[in-house]
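The chain is numbered in sequence order, starting from 1.
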Amino acid sequence: MQNCIGAIDGTHIPITIAEDKAPPFRNRKGTLSQNVMVACDFDLNFTFISCGWEGSASDAGVLRSAISKGFHVPDGKFYLVDGGYANTPYFLAPYRGVRYHLSEFRRRRSSNTGYADHRELFNHTHAILRNHIERSIGVLKKRFPSLKVGDHYPIASQGKIPAACGVC
């Protein structure tokens, strides 16, 4: 995909917080977390990190805020995003309602060598390239196991830890 400079995704990092301040940090799975948006290039380098968001914050909302605070995509370039984001000239999401996940293509490949249409081909290519962000996040959490458990630091400090880990 010409002019694609990377991929963007959100990830949840567990946090520890006082019960009276917990409700906004409760994510859709019912656990306490902060929502962290990361962008990476195809060399698995993080190019942008926005952290400290409540676990209940939507990925699209975190991206909108990042844009309003200076996150910039050069003209003529774009990032790949998942279905939780909207298509814009700078952010390209897959077709909805069309096979997308790599595991779906692996299962079907043994019985069918082709794609149903151009949308499936696009989604498969999109999924392969967007997998870079999934791998980047996986490597980050593997390298820094503390990102898998809530720390007992003040919440303001917990919000900075993912960014600190991401620049190492």
Side-chain angles (χ1 to χ4, degrees), residues 1 4-19 21-73 77-86 90-94 99-107 123-168:
M1 290 191 185
C4 182
I5 58 176
I8 293 176
D9 201 5
T11 187
H12 286 265
I13 305 294
I15 62 161
T16 303
I17 192 167
E19 194 60 38
K21 297 178 183 174
F25 290 92
R26 197 163 303 282
N27 62 35
R28 63 185 174 84
K29 294 182 179 178
T31 61
L32 297 175
S33 67
Q34 64 170 300
N35 191 349
V36 177
M37 184 196 92
V38 293
C40 78
D41 61 21
F42 294 116
D43 293 324
L44 305 184
N45 296 312
F46 291 112
T47 57
F48 187 85
I49 301 173
S50 176
C51 46
W53 285 90
E54 298 91 351
S56 62
S58 71
D59 289 348
V62 176
L63 176 59
R64 269 192 308 275
S65 177
I67 292 168
S68 73
K69 293 179 181 170
F71 177 59
H72 174 72
V73 181
K77 305 293 183 183
F78 65 93
Y79 280 96
L80 299 176
V81 296
D82 65 21
Y85 300 90
Y90 300 108
F91 305 105
L92 187 61
R99 187 167 53 141
Y100 178 74
H101 296 286
L102 293 176
S103 61
E104 295 170 330
F105 286 100
R106 274 188 230 108
R107 277 194 304 262
N123 276 10
H124 189 208
T125 304
H126 188 282
I128 290 168
L129 291 173
R130 208 185 72 74
N131 193 39
H132 286 79
I133 191 69
E134 304 290 346
R135 288 178 30 223
S136 294
I137 292 169
V139 168
L140 182 69
K141 289 182 176 181
K142 181 86 170 173
R143 183 171 181 203
F144 298 99
S146 64
L147 295 177
K148 295 180 185 178
V149 296
D151 291 321
H152 293 284
Y153 295 109
I155 192 64
S157 297
Q158 289 183 65
K160 297 174 185 173
I161 291 172
C165 293
V167 298
C168 289

For this session: For residues Tyr90 and Phe71, establish whether the separation of their ring centroids is below 6.0 Å.
Result: no
Seminar exercise, completed: Taken to the nearest 0.5 Å, the spacing of Arg26 CZ from Ser33 OG works out to 10.0 Å
Problem set entry | Interatomic distance, Glu134 atom CD to Leu44 atom CG [nearest 0.5 angstrom] | 12.0 Å
How close do [X] and [Y] get, heavy atom to heavy atom, and via which atoms?
X	Y	value
Asp82	Pro94	C-CD, 3.9 Å
Val36	Cys51	CG2-CB, 3.7 Å
Gly52	Gln34	N-OE1, 2.7 Å
Thr16	Ile155	O-CD1, 4.5 Å
Tyr85	Ala93	O-CB, 3.9 Å

Problem set entry | Any Phe78 side-chain heavy atom under 4.5 Å of Met1 side chain | yes
Exercise. Are Phe25 and Ile15 close enough that some pair of their side-chain heavy atoms sits under 4.5 Å apart?
Worked result: yes
For this session: For the residue pair Asn35 and Asn27, confirm or rule out a side-chain donor-acceptor distance under 3.5 Å.
Result: no
For this session: Indicate whether the side chain of Thr47 and that of Asp41 have a donor and an acceptor atom separated by less than 3.5 Å.
Result: no
Problem set entry | side chain to side chain contact (heavy atoms under 4.5 Å, CB included), paired with Val81, selected from Asp59, Leu92, Ile8 | Ile8
Distance-only donor-acceptor pairs under 3.5 Å for side chains of residues 139-153, two or more places apart:
{"from": "Lys141", "atom 1": "NZ", "to": "Thr11", "atom 2": "OG1", "distance (Å)": "2.8"}
{"from": "Lys141", "atom 1": "NZ", "to": "His12", "atom 2": "O", "distance (Å)": "3.3"}
{"from": "Arg143", "atom 1": "NH1", "to": "Cys168", "atom 2": "O", "distance (Å)": "3.2"}

